[in-house]
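Here the structure comes first, spelled out in structure tokens, and everything after it is commentary.
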Amino acid sequence: KLALIPPKGYELSVLKGTAIMSLCIPSFYGSFAWSGAIRQARMQSKNYYHILDNGAAEGETANIETLINYGTQLGVDEMVLPDILGDCEGTLKLIDQFFAAAPKGVTKYNWMAPLQGKNPDEMLKAALLHVKNEAIGTLGIPRIFIDNTGVLNARTDLAYQIHRRFPGRFEIHFLGAHPAWPGEIKAAATYTKVRSFDTSLPFNATIN
């Protein structure tokens, strides 16, 4: 997946200005070619940021041990916490369980909490509960939220509400692009303070 950094004039608290960013799913953990590409990118750019997804959206959710091992091996900058697609309470429970039994060294990573829910109220409820957890610096809004609400601009509206209610508390990342609205990244860059946006959409369109 290619992660795109939208804005000019919007400084990120972790990444200053424009950055090279990548997002990988855990099934690439054993890929020699991918590992080499990550290391090469890190050597070539001082402003490189690598996110490790948990694989839930691809139906390949990795266990915590795999995530930690991958993160340690490649020195990832941020990892996506466990989640259950569309399930607010289930996701909150998984994240609570993770931090309750977190392995050593877990605090050296930046953690992204995926927001899951059927409506904006559930998503904002989850964001509120994450405010007190200092290990969580980023909130991820998945593309499935557009399907759950039936509203194309659901994510941009939610991102605006999060920044308004919790100013300066969270970075926001859009997890994946929805094929029904390829222009969402432009809207996010124009109307919100969304930090980053990952998508395989250009590659899938090229293949098709």
Minimum heavy-atom distance between [X] and [Y], given as atom pair plus value:
X	Y	value
T190	K186	OG1-O, 2.8 Å
F145	L158	CE2-CD2, 3.9 Å
V194	H163	N-NE2, 4.3 Å
G117	N148	O-ND2, 3.1 Å
M21	S196	SD-CB, 3.5 Å

Q: Report whether L139 and F166 are members of the same hydrophobic cluster (ILVMFWY, side-chain heavy atoms less than 4.5 Å apart, transitive linking).
A: yes
Q: State plainly whether one hydrophobic cluster holds both V76 and F98, where clusters connect Ile, Leu, Val, Met, Phe, Trp and Tyr through side-chain heavy atoms under 4.5 angstrom apart.
A: yes
4.5 Å side-chain heavy-atom contact, [X] and [Y]:
X	Y	value
L175	M112	yes
L23	F197	no
I162	R169	no
C24	I51	no
I141	I172	yes

Q: Report the C-alpha separation of E78 and W111 in whole Å, then their side-chain angles, then the decisive distance to 0.1 Å, and conclude whether the side-chain contact (heavy atoms from CB on, under 4.5 Å) test is met.
A: CA-CA 6 Å; E78 188 169 85; W111 291 95; over 6 Å; no
Q) Just by distance, do the side chain of T91 and the backbone of I84 share a donor-acceptor pair under 3.5 Å? A) yes
Q) Is the charged tip of R155 near the ring of F174: under 6.0 Å from the six-membered ring centre and within 45° of its axis? A) yes
Q) Can a cation-pi geometry be assigned to R195 and F170, taking NZ or CZ under 6.0 Å from the six-membered ring centre and within 45° of the ring axis? A) no
Q: Check the pair D83, N54 against side chain to side chain donor-acceptor pair (under 3.5 Å), reporting the backbone distance first and the verdict last.
A: CA-CA 8 Å; D83 66 329; N54 61 30; 2.9 Å; yes
Q. Under 6.0 Å from the OH atom of Y160, do we count more than 12 heavy atoms belonging to anything else shown?
A. no
Q: Check whether more than 12 heavy atoms from other residues, nucleotides or ligands sit under 6.0 Å from atom CZ of F99, and answer yes or no.
A: yes
Q. Hey, mind stepping through Y48 and S22 against side chain to side chain donor-acceptor pair (under 3.5 Å) and telling me if it holds?
A. CA-CA 8 Å; Y48 177 72; S22 64; 2.4 Å; yes
(Q) Quick check for you: to the nearest 0.5 Å, what is the distance between L92 atom CG and L81 atom CG? (A) 11.0 Å
Q.
Walk me through whether H173 and T138 qualify under side chain to side chain donor-acceptor pair (under 3.5 Å).
A. CA-CA 7 Å; H173 177 88; T138 305; over 6 Å; no
Q.
Can you list everything that forms a side-chain hydrogen bond (donor to acceptor under 3.5 Å, both in side chains) with D87? Sequence neighbours excluded, please.
A. none
Q | Under 3.5 Å side-chain donor-acceptor pair for E184 and T156 | A | no
With a cut-off of 3.5 Å and sequence neighbours excluded, list every side-chain donor-acceptor pair involving residues 120-137.
| from | atom 1 | to | atom 2 | distance (Å) |
| --- | --- | --- | --- | --- |
| E122 | OE1 | K118 | N | 2.6 |
| K125 | NZ | E89 | OE2 | 2.3 |
| N133 | OD1 | A135 | N | 3.0 |

Q) What pairs with A180 under side-chain contact (heavy atoms from CB on, under 4.5 Å), at least two apart in sequence or on another chain? A) L152, H178
